[in-house]
Amino acid sequence: MKKTILAVITIIFTLSFFAGCASQATETQHQNYPVFSVNDVQHDPLAFTGVITIHGVVTMHMPSGFGVEYTQQRACCPDFVLHVAFDGNAPAIGETVYVTGSFVHTSVFQATQVRPTR
Amino acid sequence: MSILKLVARNLLRRKGRFVFTLLGITIGMASFVALLSIGGNMQNEVTRQAYALGGNFVIVPDDLCVYNQIGIITGEAISESLDFGAFERIAAIEGLTVIPHLTQRTAIQNATVTVTGMLPAETKAFRGWEMYAGEYFASQDQQAVVIGQGTRNRFDLEVGDELTIRGEAFPIIGILAATNSNDDVTLHIPLAIAQRVFEREGRISFMSAIVDNMERVDEYATAIMNVANVNVATNEQLLNSVLMILGSVNVTLQAVAGVALIAAAFGIINTMMTAVFERRREIGILQAIGAKGRAIFKIFVLESGIYGLLGGIIGVGAGFLVSMFVAPIVAQNNEAMLMGVTMGSSIDVQLVITTILFSVVISIVAGLYPAWKAAKLTPVEAISYE
């Protein structure tokens, strides 16, 4: 009986460990690309080349994607909404996300991957 | 055998238990010291940056958030909601020297860099800049960039190289001598060029001002607010806003470190109680050969104190090491790492002594109850224990 309980506990811990590693690996995948806030990129988007990841809050849905704002935007400060073009399902409004992709022209960020933060 | 020899022998009798109990207090003290040191150094750095702004006060939009006020000190891009006309009206006030700033952001090699649009001649005089290499702007309409030492070192740039800002070419014509401020990690371009390139015509982010008579600062502040819809903050006021936020964060982190210390103290209590239980016979023998309760008490308190002393010394060293490596990473968004700032690398002697004393006191207090239990044992109880 004791051996059975020990075996079950070991299996649970092992599965939890690997599940944790897998989720950490997925999280790290986004962060293999440099991560920026919306505030970092809004002034000169085309200065950022190649694939990058942008961190922000989804504030609106658009026909071709969604809009993302700086996570620390305050009511008294001017809003800047980054237009993200994405072929998949847009995340929910209010969700904080990591968006990986690249700038195709000044005002549009073409996303290849969107992942909500925990 | 002296008490000290006896204590040392008792501590090292079970080396594993000694090491793990010591680790508990060491980690607690290390985290306490690291957080204190990082927090203290961040406050010093913010203070230094605030005074490096130059001038006696800063003129900001009336509705500027506290968060954006922090950006003035850290050199981040802030909203450009002041119009240039406000600068012209304020600059016309006698006894006041004012310079405007337009802060924006760009990227070099996918790393964000602050761009500041400024009036070249006025700003150079205001800030007392000197050139390290190349030349300074010849006019306010020159489409060129002057960089600081931090930017030069970070991206390996020299005079003659070309940067692209908002798709337009900006040749580097000069490199400033080190200022030990955010100017070292900023790209400086003429204000008119910045306003055009970033499509912010007629806009600025904030202004810095010097008064000719410090005793009339309040008069000047009132005069400024009469001619423009702005807020006037002295460097001290700006600093206090930022330090208030930093202070709250520091207190929270220190509370977390305090919890680690309390856990370590309970670890010492547990270890000493186990030691009392295991050494009952030994305590009984000591009492039988003439040791008083006071001596038994002293032995156990000394053992606890040594945990605290050793844990404090090692913890202080570990804590400072951690703060030296972690502080630049923590301050990354302040670009302190780029400037090779001294954050986290100074050792406060007072902090060292206070921390070690604190560690010893906590450990002695933790050892009081077990020591009392040991001293309370009668020789008969102790010797008859099997």
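The figures here come from the full heavy-atom set of this structure, side chains too, leaving out hydrogens, waters and symmetry mates. Lettering of chains follows the sequences in order, A, B, ..., and the numbering in each one begins at 1.
Closest non-hydrogen pair, B:Arg200 versus A:His43, comes out as NH2-ND1, 4.4 Å. What you find for A:Ala47 and B:Ala107 is that their closest heavy atoms are CB-N, 3.6 Å.
In this structure, A:Asp87 places its CG atom where only 12 or fewer heavy-atom neighbours from other residues, nucleotides or ligands lie under 6.0 Å away.
Between atom CG of residue A:Asp40 and atom OG1 of residue B:Thr106 there is a gap of 11.5 Å, rounded to the nearest 0.5 Å. Separating the CD atom in B:Gln109 from the CZ atom in A:Phe48 is a distance of 12.5 Å, to the nearest 0.5 Å.
Of the possible donor and acceptor atoms, one in the side chain of A:Asp44 sits under 3.5 Å from a partner among the backbone N and O of B:Arg166. Side-chain atoms of B:Asn110 come within 3.5 Å of backbone N or O of A:Thr49 as a donor-acceptor pair.
The parts of B:Ile165 that come within reach of chain A are both its backbone and its side chain, each placing non-hydrogen atoms under 4.5 angstrom from that chain.
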